[in-house]
Number of protein chains: 2
Amino acid sequence: MKIGELAKLTGCSVQSIRFYEKEELISAPRRSECNYRLYDQKNLEQLIFIKHCRNLDITLAEIKQLLNLKQSPETQCEDVNYLIDEHIKQINLRMTGLKKLKGSLTDLRSKCRDNQTVKNCGILQDLLTKPTGQ
Amino acid sequence: MKIGELAKLTGCSVQSIRFYEKEELISAPRRSECNYRLYDQKNLEQLIFIKHCRNLDITLAEIKQLLNLKQSPETQCEDVNYLIDEHIKQINLRMTGLKKLKGSLTDLRSKCRDNQTVKNCGILQDLLTKPTGQ
DNA sequence: TTAAACTCTATAGTCACTATAGAGTCAATC
DNA sequence: GATTGACTCTATAGTGACTATAGAGTTTAA
Ligand SMILES: [Zn+2]
Ligand SMILES: [Zn+2]
Ligand SMILES: [Zn+2]
Ligand SMILES: [Zn+2]
């Protein structure tokens with residue numbers, strides 16, 4: 001199949017498929033006479049794997065690690081488990097950060113409930129003076 | 001004061017101060033004989049405002065809007081309030097996304113509690129086959 | 001006097017793409 | 001056979017908010 005069909009089947013954009021190839025996340029497919037990329041079932045599976053990982057916000061560098069691990073099917077999978085655990089930790093950190101941020105923003109927003117002139121807007125005044133709790 | 005001192009006082013890096021100047025978020029300061037940037041109290045206040053906004057993850061484009069609004073002290077501040085409201089909405093969206101992501105990742109992680117060989121790792125198998133709930 | 005610490009400009013790199021330009025190819029319709 | 005539209009190719013630039021580096025000049029303290 002050509003790249004457009006692969007894109008439709010996987011939900012990746014055509015450009016990002018070419019990008020993954022350049023970054024060596026997927027192997028370069030064979031080409032047609034006129035240089036079109038031609039993909040087979042195996043290529044499709046590769047890309048689906050990558051797409052699933054990206055849906056989970058796993059970085060391309062991490063995906064490369066996972067693909068490397070898959071190359072050694074007889075080794076222990078502890079590195080896989082570790083990678084996912086670390087990823088979950090990262091997300092927890094980001095969530096904690098966002099919660100704080102939301103608190104600060106809600107606090108800031110409360111400084112101007114009624115419409116004021118810009119000069120008297122409590123939000124702008126706070127932004128000038130307060131170090132915004134963090 | 002020179003750029004290094006301004007950086008220390010505001011918590012911005014020297015490079016990002018120069019970057020803000022290039023992006024016209026702060027006005028170009030006067031220069032010393034040998035072309036060093038020299039900042040005064042007003043420059044410091046400008047940058048503190050920007051730093052506070054950045055601490056709240058307000059984008060540079062939004063900061064520009066706020067700075068423009070500050071130029072018209074007699075107008076109503078509804079645009080300020082609206083901007084902050086929208087920003088809070090954005091953060092809520094991101095938090096919802098992250099919660100889903102964490103759910104999917106936790107689910108994925110549970111597919112391999114005990115160490116397996118890579119070949120039998122439930123995580124890798126799931127990544128191949130499952131569309132990762134979203 | 002010499003070394004460390006600072007400043008300057010300009011440029012490239014980060015991440016995971018998206019968008020564009022300019023050219024070639026293919027399928028279907030008139 | 002001609003034309004249209006949809007597709008493909010490569011190469012390059014842009015996104016956001018910086019960080020890092022190179023190579024040069026300046027200030028300050030020991
Ligand atoms: Zn990760
Ligand atoms: Zn207000
Ligand atoms: Zn915003
Ligand atoms: Zn496992």
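Reminder, nothing fancy here: chain letters follow the sequence lines and each chain counts from 1. Both backbone and side-chain heavy atoms feed into the values below; hydrogens, waters and symmetry mates do not.
- With sequence neighbours left out, B/K111 forms a side-chain hydrogen bond (donor to acceptor under 3.5 Å, both in side chains) with B/D126.
- Between B/R54 and A/L38, the residue whose closest nucleotide on DNA chain D is further toward the 5' end is A/L38.
- Atom NZ of B/K2 is separated from atom P of D/dG25 by 18 Å (rounded to the nearest Å).
- If you measure from atom CD of A/E5 to atom C1' of D/dA6, you get 15 Å, rounded to the nearest angstrom.
- If you measure from atom CD of A/E33 to atom P of D/dT8, you get 17 Å, rounded to the nearest angstrom.
- Atom P of nucleotide D/dA17 and atom NZ of B/K51 are separated by 13 Å, given to the nearest angstrom.
- Every residue was checked against the side-chain contact (heavy atoms from CB on, under 4.5 Å) condition with B/T96, not counting sequence neighbours, and none meets it.
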Show me the side-chain donor-acceptor pairs of residues 71-79 of chain B shorter than 3.5 Å, one per line, residues at least two apart or across chains.
residue, atom, partner, partner atom, Å
B/E74, OE2, A/K119, NZ, 3.1
B/T75, OG1, B/S72, O, 2.9

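- Across the protein-nucleic acid pair, B/I50 atom CD1 and D/dG16 atom P stand 17 Å apart, rounded to whole Å.
- B/K89 meets the side-chain hydrogen bond (donor to acceptor under 3.5 Å, both in side chains) test with B/E86; sequence neighbours excluded.
- For the pair A/Q90 and A/D57, the minimum side-chain heavy-atom distance is 4.5 Å or more.
- Annotation: cation-pi geometry not satisfied between B/K51 and B/Y20 (NZ/CZ under 6.0 angstrom from ring centroid, within 45° of ring axis).
- Take A/N115 and apply the side-chain hydrogen bond (donor to acceptor under 3.5 Å, both in side chains) test, not counting sequence neighbours, and it matches B/N81.
- Within a 6.0 Å sphere centred on NZ of A/K64, heavy atoms belonging to other residues, nucleotides or ligands number more than 12.
- Looking only at distances, no side-chain donor or acceptor of A/H87 sits under 3.5 Å from a matching main-chain atom of A/T59.
- We find that CG of B/N35 is positioned 13 Å from C1' of D/dA24, with the value rounded to whole Å.
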Donor-acceptor pairs under 3.5 angstrom involving side-chain atoms of residues 6-14 of chain B: please list them, not counting sequence neighbours.
residue, atom, partner, partner atom, Å
B/T10, OG1, B/L6, O, 2.8
B/T10, OG1, B/A7, O, 3.4
B/T10, OG1, B/C12, N, 3.2
B/S13, OG, B/S16, N, 3.0
B/S13, OG, B/S16, OG, 3.2

Close N or O pairs between protein and nucleotides 2-5 of chain D (under 3.5 Å):
none

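- Looking at residues 13-32 of chain B, you'll see B/S13, B/Q15, B/S16, B/F19, B/Y20 sit with a heavy atom under 4.0 Å from some atom of DNA chain D.
- Only at 4.0 angstrom or more do the heavy atoms of residues 85-96 of chain B sit from any atom of DNA chain D, so none qualifies.
- Residues passing the side-chain hydrogen bond (donor to acceptor under 3.5 Å, both in side chains) test with A/R37, sequence neighbours excluded: A/E21.
- For A/T117 and A/N120, the side-chain atoms include at least one donor-acceptor pair closer than 3.5 Å.
- For DNA chain C, the contact window with chain A, defined by any atom under 4.0 Å from a protein heavy atom, covers C/dA16 to C/dC26 in 5' to 3' order.
- With sequence neighbours excluded, the residues that form a salt bridge (charged side-chain N to carboxylate O under 4.0 Å, His left out) with B/R109 are A/D85.
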